[in-house]
Amino acid sequence: MIIGVTGQTGAGKTTLLRWLERKGYEVVDCDVVYHRLFDGDEALRGAIMSEFGTLERKKLANIVFSDPERLKRLNEITHPAVLDEVKRLISGKRNAAIDAVELFEGGEAALCDRIIAVTAPREIRIERIMRRDGIDRAYAEARVDGQKSEAWYREKCGLVIENSFGSEAELSAFLDNVIGKEIDIMEEKKNDLRDELFYNQKHLADTLSEEEKRASDAYGEEYKAFLAAARTERLAVKEAIRQAEKAGFKAWNGKDALNPGDKIYRSLRGKALILAVMGRKPMEAGTHICAAHIDSPRLDLKEVPLMERDEVAYLKTHYYGGIRKYQWLCIPLAIHGVVIKKDGEVVDINIGDDKNDPTFVITDLLPHLAAKQSQQPLGQAIPGENLNLIIGSLPYGEEGGDRIKLGVMKLMNEKYGITETDFLSAELEVTPALEPRDVGFDRSLIASYGHDDRVCAYAELKAIYETENPEYTAICILADKEEIGSVGVTGMQSRAFENFMEDLCRNDGSILRHCFANTLCISADVTNAYDPMYPEVSDKMNNTRLNYGVGICKYTGSRGKGGASDAAAETVGKVRRIFAEDGVIWQTGELGKVDEGGGGTVAAYMANRDIETIDAGTPVLAMHSPFEIVSKYDCYMTYRAMKAAYKSEII
């Protein structure tokens with residue numbers, strides 16, 4: 001509620017304002033705003049100087065108060081500036097009071113839901129300002145008589161308080177007993193209308209039950225355990241299969257007959273995974289798909305990575321996906337992946353995460369010697385070719401070149417049985433060696449590497465584990481290669497997905513294209529959470545926020561929706577109904593301001609198959625960094641959203 005407060009001098013306006021402050025209203029004093037702008041707003045000062053030739057208050061007062069036309073001109077300059085600042089100050093405020101003598105002339109009245117004027121009989125006002133300001137009667141009479149009449153205020157204002165009370169305490173009692181009740185009624189009516197007509201979002205802490213909050217905390221612990229085990233896409237698939245089999249899922253060869261309620265999965269080369277719970281309706285009636293990805297931005301070892309430079313051994317890397325290179329310097333790193341030897345033997349390598357393991361680090365310059373580096377643009381200060389891991393510094397042998405490299409290679413050969421040539425057929429990824437951690441004194445947030453997009457992947461997984469006998473077949477996709485365009489045999493552009501769906505259709509005699517045309521897909525990918533430290537890149541009205549629920553993104557893409565999958569209004573409507581049926585709390589968002597940038601998801605590739613698709617996922621702070629942040633409440637609500645989609649009868 002925005003209340004405008006105006007009135008005659010000496011009537012008791014200050015008492016009303018103090019009373020409103022006690023009721024939780026933030027007071028914006030237009031006189032204070034004007035003086036602050038007069039002292040500090042160079043554009044306003046320049047306009048006044050140009051018009052009047054002075055910025056001295058007394059000289060300016062002498063000019064304008066003796067000439068109504070000059071006063072009018074000053075107001076024409078100052079009123080718009082004050083109005084703009086008042087708008088800024090009350091923006092986002094639930095309750096505010098605007099204190100202005102010229103509330104109507106300055107334009108602030110249009111900002112108010114209700115306007116209250118305070119008046120008092122002439123003689124009472126004269127006596128009050130004589131006592132208050134220490135002035136004589138003649139001057140007090142002149143000031144009182146120079147102001148607007150009570151009749152003017154009664155015509156303009158919705159509520160007029162005639163302050164004939166003998167003391168400030170009596171006026172305060174009247175405000176408590178009479179005006180307070182009226183304001184409470186106004187607030188209630190306005191809030192009811194706002195709830196009915198406005199798109200209102202509420203912090204999940206204000207909407208979740210205590211039971212839901214406990215469930216959210218428990219879900220957060222399960223999710224952190226998954227993150228710790230799923231450092232890469234290969235490890236994520238391995239952990240998901242372990243959990244899925246525990247939940248009753250079985251590997252499916254594409255040939256065995258399936259019945260409603262059957263739970264199956266197919267691993268795609270150990271780097272992507274599809275799970276399904278068979279529905280009661282045939283495949284061509286449509287399916288419910290939730291599609292996330294399990295690859296994250298990282299560093300990959302080059303094919304020939306091992307080098308020695310000035311008696312330090314390194315592994316050379318090539319970054320994967322969109323990273324900010326400086327964020328990967330001077331943090332503990334781990335190495336995960338596989339080496340395929342010439343004879344076909346598979347060697348698993350996972351080193352750096354266990355507290356007893358060594359760690360690996362990429363160095364940076366000390367600030368004392370980084371003057372030139374610091375002058376470079378942030379994106380250019382750290383060359384990609386410098387993202388090399390220190391892996392050793394002790395020599396092997398007493399003679400010959402590359403003794404440090406040889407010492408490291410000898411240790412790797414002893415531990416893993418590999419040679420340098422075996423790196424040619426290796427897939428080794430460098431990830432932050434940072435455990436998932438609660439953030440904040442209230443432990444409401446989780447920081448970890450890989451929230452993008454394992455936070456949505458785990459939500460899908462847990463939801464499908466718990467799905468039983470759905471009306472429509474429920475399908476969970478954990479794709480690879482999204483961070484580099486969903487390419488390759490395990491990416492979402494691969495035929496592997498069609499092959500799996502075609503096998504399912506063949507099981508009940510359905511036609512694949514009919515199945516796709518009737519399917520609804522949630523592209524479960526993260527969205528950027530509004531960051532109060534960097535507000536300039538986001539349209540706050542159209543940006544997801546922490547603790548406000550799963551974020552629906554109608555479209556992705558960048559600058560004019562380039563490369564977007566823009567969901568139809570009908571699709572948004574379906575998802576709204578699905579979420580409403582299950583009490584899922586959601587918000588809407590897009591990736592930053594129109595001209596700031598953008599991004600994409602697997603949604604476009606699903607939509608290209610004639611599958612109705614929309615993006616929905618968890619808001620993330622510091623996305624694509626080595627230590628991203630999410631809200632536990634949002635994680636839990638993302639899981640609830642996926643579960644609602646799987647069991648819904650809306651298609």
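Values below: every heavy atom of this structure, side chains too, minus hydrogens, waters and symmetry copies. The structure presented is a predicted model; accordingly, all values stated were derived computationally and were not measured.
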A.B. asks: Please list every donor-acceptor pair under 3.5 Å in which a side-chain atom of residues 642-651 meets a protein atom from a residue at least two apart or in another chain.
C.D. replies:
from: K643; atom 1: NZ; to: E466; atom 2: OE1; distance (Å): 2.9
from: K647; atom 1: NZ; to: D582; atom 2: OD1; distance (Å): 2.8
from: S648; atom 1: OG; to: I650; atom 2: N; distance (Å): 2.9

A.B. asks: For residues T431 and H336, determine if any side-chain heavy atom of one lies less than 4.5 Å from a side-chain heavy atom of the other.
C.D. replies: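 Answer yes - side chains close enough.
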
A.B. asks: For N518 and Y472, which I'm curious about, is there any donor-acceptor pair between the side chains at under 3.5 Å?
C.D. replies: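 No, because no side-chain N or O of N518 sits under 3.5 Å from a partner of the opposite role on Y472.
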
A.B. asks: Using distance alone, with no hydrogens and no angle criterion, decide if E460 and Y458 have a side-chain donor and acceptor under 3.5 Å apart.
C.D. replies: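 Distance-only check fails for E460 and Y458.
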
A.B. asks: Measure across A334 and F360 and return the closest heavy-atom pair with its distance rounded to 0.1 Å.
C.D. replies: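 Closest approach of A334 to F360, heavy atoms only: CA-CD1, 4.4 Å.
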
A.B. asks: Between D480 and R269, is there a salt bridge with N-O shorter than 4.0 Å?
C.D. replies: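 Salt bridge: no.
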
A.B. asks: Between E612 and T571, do the side chains contain an N or O donor and an N or O acceptor separated by less than 3.5 Å?
C.D. replies: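 Side chains of E612 and T571: pair found under 3.5 Å.
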
A.B. asks: State plainly whether the residues R298 and E483 are in salt-bridge range, i.e. N to O under 4.0 Å.
C.D. replies: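 So R298 does not pair with E483 through a salt bridge.
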
A.B. asks: Do F516 and F497 make the cut of ring centroids closer than 6.0 angstrom?
C.D. replies: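 That pair passes the under 6.0 Å test.
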
A.B. asks: Should the pair E212-R640 be classified as a salt bridge under the 4.0 Å nitrogen-to-oxygen rule?
C.D. replies: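 Yes, charged N to carboxylate O under 4.0 Å.
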
A.B. asks: Looking only at non-hydrogen atoms, find the nearest pair between N528 and E590 and report the distance.
C.D. replies: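 Shortest heavy-atom separation between N528 and E590 comes out as OD1-O, 3.3 Å.
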
A.B. asks: When you measure from the side chain of Q327 to the backbone of I323, do you find a donor-acceptor pair of N or O atoms at a distance under 3.5 Å?
C.D. replies: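 No, the answer is negative, given that no donor and acceptor are paired below the 3.5 Å cut-off.
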
A.B. asks: State, without any angle test, whether S523 and D525 hold a side-chain donor-acceptor pair at a distance under 3.5 Å.
C.D. replies: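 No, D525 and S523 have no side-chain donor paired with an acceptor closer than 3.5 Å.
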
A.B. asks: Can you tell me how the ring of Y223 sits relative to the ring of Y219, calling it parallel under 30°, perpendicular over 60° and tilted otherwise?
C.D. replies: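 Answer is parallel, since the angle falls under 30°.
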
A.B. asks: If the threshold is 4.0 Å, N to carboxylate O, is there a salt bridge linking K632 and D438?
C.D. replies: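 Yes.
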
A.B. asks: Would you say N543 and S538 are linked by a side-chain donor-acceptor pair, where the criterion is simply a distance under 3.5 Å?
C.D. replies: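 Result is yes, a qualifying pair exists.
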
A.B. asks: Side chains of D634 and T618: donor-acceptor distance under 3.5 Å anywhere?
C.D. replies: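 No, no side-chain donor-acceptor pair sits under 3.5 Å.
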
A.B. asks: For the residue pair E628 / H451, report whether a side-chain donor-acceptor contact shorter than 3.5 Å exists.
C.D. replies: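 There is no such pair between these side chains.
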
A.B. asks: Answer with yes or no whether the side chains of D452 and S296 bring together a donor and an acceptor at under 3.5 Å.
C.D. replies: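 S296 vs D452: no donor-acceptor pair found between side chains.
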
A.B. asks: Return yes if a side-chain donor-acceptor contact under 3.5 Å exists between T287 and T519, otherwise no.
C.D. replies: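 Distance-only check passes for T287 and T519.
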
A.B. asks: Between K462 and E222 (salt bridge meaning N to carboxylate O under 4.0 Å), is one present in this structure?
C.D. replies: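 A salt bridge links K462 with E222.
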
A.B. asks: Please determine if R231 and E435 form a salt bridge, counting it only when a charged side-chain N lies under 4.0 Å from a carboxylate O.
C.D. replies: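 So R231 pairs with E435 through a salt bridge.
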
A.B. asks: Salt bridge or not for E429 and R234, using N-O below 4.0 Å?
C.D. replies: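 No, this pair does not count.
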
A.B. asks: Any Lys/Arg nitrogen of E211 or R214 sitting under 4.0 Å from an Asp/Glu carboxylate oxygen of the other?
C.D. replies: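 Judged by the 4.0 Å cut-off on N to carboxylate O distance, E211 and R214 do not form a salt bridge.
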
A.B. asks: Counting C-beta onward and ignoring hydrogens, is there a side-chain heavy-atom pair between V572 and I614 closer than 4.5 Å?
C.D. replies: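 Yes, side chains in contact.
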
